[in-house]
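Any value given below was found using the heavy atoms of this structure, including those in side chains, with hydrogens, waters and symmetry copies removed.
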Amino acid sequence: MSTATDTGTGKTKSVADLLSSASIRINPDPPSPSTPIADSISTIHTFMSKWDQHTSLSSGFLSAATHLHSYLFHLFASSANSSHRELIHTNSLLQSAMGLLNQELKHHLLAISDIHSPADQISTVRAIVETMLSTGYGEECITTYQSMRRSAVTSQLNQLGFDISVNWPRKIFKVNWDTLDYQTKSWLDAASIAVCRVFYSERQISDSIFGASPEPIRDSVFASVVNDIAVTFFSFPETISMRSKHLPERLFSLLDMHEKITILMPDIELLFGCEPASMVLSKVTSLLTNLTDAARMSLYELEKAIRKAKPNTPPGGGIVSLTRYVMNYLVCLFDYEASLYMILSSMPEETNEGSFDISDDWYGSPVSVRITLLLFVLLEKLESMAESYRDVALSYLFLVNNLQYVVNKVKNSGLKEGLSEDWVAVQETKVRRYMEGHVRSGWALVSAALPVKEEEHVKRVREFEMVFQKVMKEREGWVIVDERMREEVRQLVEGMVAPAYQGWYQVYRRNTEVRFTPEFIRSRILRLYDDPVDGAQKDQLLLQYNVTEDVAQQGEVSLRIQIQDLDQSPITEEVSEVLN
């Protein structure tokens with residue numbers, strides 16, 4: 001039980017001390033001669049002899065109990081004229097009456113769920129509480145009230161779907177991520193109701209029932225009920241942050257919780273701003289700091305993972321899993337711009353990259369700066385990966401596919417708002433340069449093999465046919481994922497080869513046995529670069545938490561789908577398949 005100076009100790013005695021110091025234990029005047037003590041004693045005996053759980057509590061009994069306490073106090077004050085037996089008898093009767101009243105308190109508290117419970121129930125409990133406090137049984141009253149209301153609050157939280165009993169660090173560190181994802185969602189769903197309805201309603205109940213007591217007493221009673229429960233409730237995100245800070249794929253859970261706490265912070269400050277409950281406010285403030293640190297660490301870990309990713313390039317120059325993973329990550333990340341701004345605004349930017357300009361005038365907010373940095377690291381890594389291809393044309397094709405995918409993702413998502421138009425224009429220029437490099441390096445040999453002189457046309461025709469067959473066979477598995485880009489490259493290649501072959505064919509076909517017609521050349525070129533898997537369809541996957549996919553089998557699956565079944569640190573097996 002909490003006090004104004006020793007919060008969250010769980011000791012009823014501290015509240016009793018407050019009651020005493022606040023003069024809640026009244027020094028009553030001697031009983032009035034017009035109200036014989038015998039009448040009060042008779043009223044108490046009569047009520048107690050007929051009482052059961054269905055007996056309605058009478059105001060006469062409460063008045064008689066208060067009168068009996070006054071008489072007992074009077075006997076103590078004039079002990080010289082009082083018999084020892086009378087003192088013992090009166091005190092025993094008062095104890096019995098208070099024991100019965102304590103049972104009544106439990107009974108009526110059971111009927112109170114929140115502040116919207118029947119007004120007569122709350123009024124009855126208030127009358128019982130005031131009677132017990134005024135007769136010197138405040139400690140017993142508070143102990144019963146605390147026990148009953150703590151059970152009620154815990155039950156309400158459990159009904160919200162969040163089992164507070166599982167919120168222990170040892171348990172959380174042993175639970176797999178599937179279970180933790182479910183528990184995190186339950187916590188997020190319960191948080192607003194817990195603060196704005198459960199804890200707020202409890203504050204209203206204690207203020208109403210203890211309305212006749214000074215404010216420090218009301219604050220202390222409220223704190224004694226909710227402090228430990230609230231601290232345990234808000235410990236869940238903190239423990240998750242401790243386990244998640246080295247895992248980039250856990251960042252979104254951290255951001256969800258950070259966002260939720262930030263939204264609820266004004267209500268939390270209002271509820272727990274008083275001194276007895278300040279430990280809860282301190283806990284939540286510390287929680288936000290821990291979530292911020294864990295989120296920053298996750299971003300650093302993602303950057304490190306991209307830099308260390310192995311050059312696991314696809315044989316046909318398609319989009320590598322790393323590109324899909326990072327871009328889906330960043331698309332999701334930008335949805336949390338408000339929370340990220342708070343997290344990153346005080347975060348120093350250290351890139352160790354002299355060519356990366358992080359000027360705010362160019363890139364905008366800290367969120368844009370961080371996303372631009374991650375894109376810079378990704379593109380740098382892709383250029384490094386492209387060097388693993390022995391064929392220069394295939395290396396260019398790899399860069400075309402991956403950089404065009406990056407550009408498309410930026411242009412078709414919220415990332416477009418966070419990055420400058422100049423950034424997009426620069427990348428589109430690079431894509432075109434890579435595309436031209438692919439066409440030039442990949443098809444120059446075929447173009448050069450076309451016959452140019454009549455006296456050597458037979459030999460050159462055979463050479464061209466061999467080169468064309470060889471090149472077409474080598475390029476059977478090469479892909480261009482973007483449909484518009486695919487058609488443009490086909491047209492460039494056709495324009496580079498087909499017209500020249502058409503002109504030669506019209507002049508020399510009668511004098512030389514020619515295996516390929518111009519139509520055949522065109523049809524083969526226009527069938528190049530087909531993507532066996534439609535990337536556009538894969539991009540339409542919904543971003544949901546409750547779906548699990550194998551990244552190795554589904555390359556274009558969104559990050560929130562990818563992160564469902566990840567359970568190893570620092571980089572899980574599924575993420576390793578993407579980043580390595």
For the residue pair Thr144 and Leu109, what are the closest heavy atoms and their distance? O-CD1, 4.3 Å
Any carboxylate oxygen within less than 4.0 angstrom of a Lys/Arg side-chain nitrogen, looking at Asp219 and Arg203? yes
Are side-chain heavy atoms of Phe199 and Val226 found at a separation under 4.5 Å? yes
Ring-plane angle category for Tyr529 and His438, please: parallel below 30°, perpendicular beyond 60°, tilted otherwise. perpendicular
Looking at Ser220 and Pro216, would you say the former's side chain and the latter's main chain have a donor-acceptor pair under 3.5 Å? no
Name of the residue among Leu399, Val400, Leu403 meeting side-chain contact (heavy atoms from CB on, under 4.5 Å) with Met435: Val400
Is it true that the side chains of Asn176 and Thr179 contain a donor and an acceptor less than 3.5 Å apart? yes
Is Arg197 salt-bridged to Asp267, going by a charged N under 4.0 Å from an acidic O? no
Would you indicate whether Arg432, at its atom CZ, is surrounded by more than 12 heavy atoms from other residues, nucleotides or ligands within a distance under 6.0 Å? no
Ser388: side chain to side chain donor-acceptor pair (under 3.5 Å) partners, not counting sequence neighbours: Thr313
Honestly, is Arg218 close enough over Phe210, meaning NZ or CZ under 6.0 Å from the six-membered ring centre and within 45° of the axis? no
Flag for Asp482-Asn401: side-chain donor and acceptor within less than 3.5 Å: no
Counting only heavy atoms not in Tyr200, do more than 12 fall under 6.0 Å of its OH? no
Close side-chain approach of Leu378 and Tyr329, heavy atoms under 4.5 Å: no
Is Ser286 reaching over with its side chain to a backbone N or O of Ser282, donor-acceptor style, under 3.5 angstrom? no
Quick check: do Met279 and Lys283 have side-chain heavy atoms less than 4.5 Å from each other? no
Identify the two heavy atoms, one from Ile115 and one from Ile122, that lie closest to each other, and give their separation to 0.1 Å. O-CD1, 3.9 Å
Please work out whether the ring planes of Tyr396 and Tyr434 are parallel, tilted or perpendicular, with thresholds of 30° and 60°. tilted
Using every non-hydrogen atom in the two residues, find where Trp187 and Pro237 come nearest and quote the distance to one decimal. CZ2-CG, 3.3 Å
Take atom NZ of Lys416 as the centre, draw a 6.0 Å sphere, and report whether it contains more than 12 heavy atoms from other residues, nucleotides or ligands. no
Looking at Lys308 and Glu303, does any basic side-chain N land under 4.0 Å from a carboxylate oxygen? no
Would you call Lys260 and Asp256 a salt bridge, using N to O less than 4.0 angstrom? no
Decide if atom CD of Glu436 counts as having more than 12 heavy atoms of other residues, nucleotides or ligands within a radius under 6.0 Å. yes
Decide yes or no for Phe222 and Asn227: does some side-chain heavy atom of the first lie under 4.5 Å from some side-chain heavy atom of the second? no
Return the minimal non-hydrogen interatomic distance between Glu387 and Ser395, and the atom names on each side. N-OG, 4.3 Å
Is the shortest side-chain N to carboxylate O distance from Glu380 to Arg307 below 4.0 Å? yes
Under 3.5 Å, is there a donor on one side chain and an acceptor on the other for Asn402 and Thr323? yes
On the 0 to 90° scale, with breaks at 30° and 60°, tag the Phe272-Phe234 ring pair as parallel, tilted or perpendicular. perpendicular
Output yes when a side-chain donor or acceptor of Ser208 lies under 3.5 Å from a complementary backbone atom of Gln204, and no otherwise. no
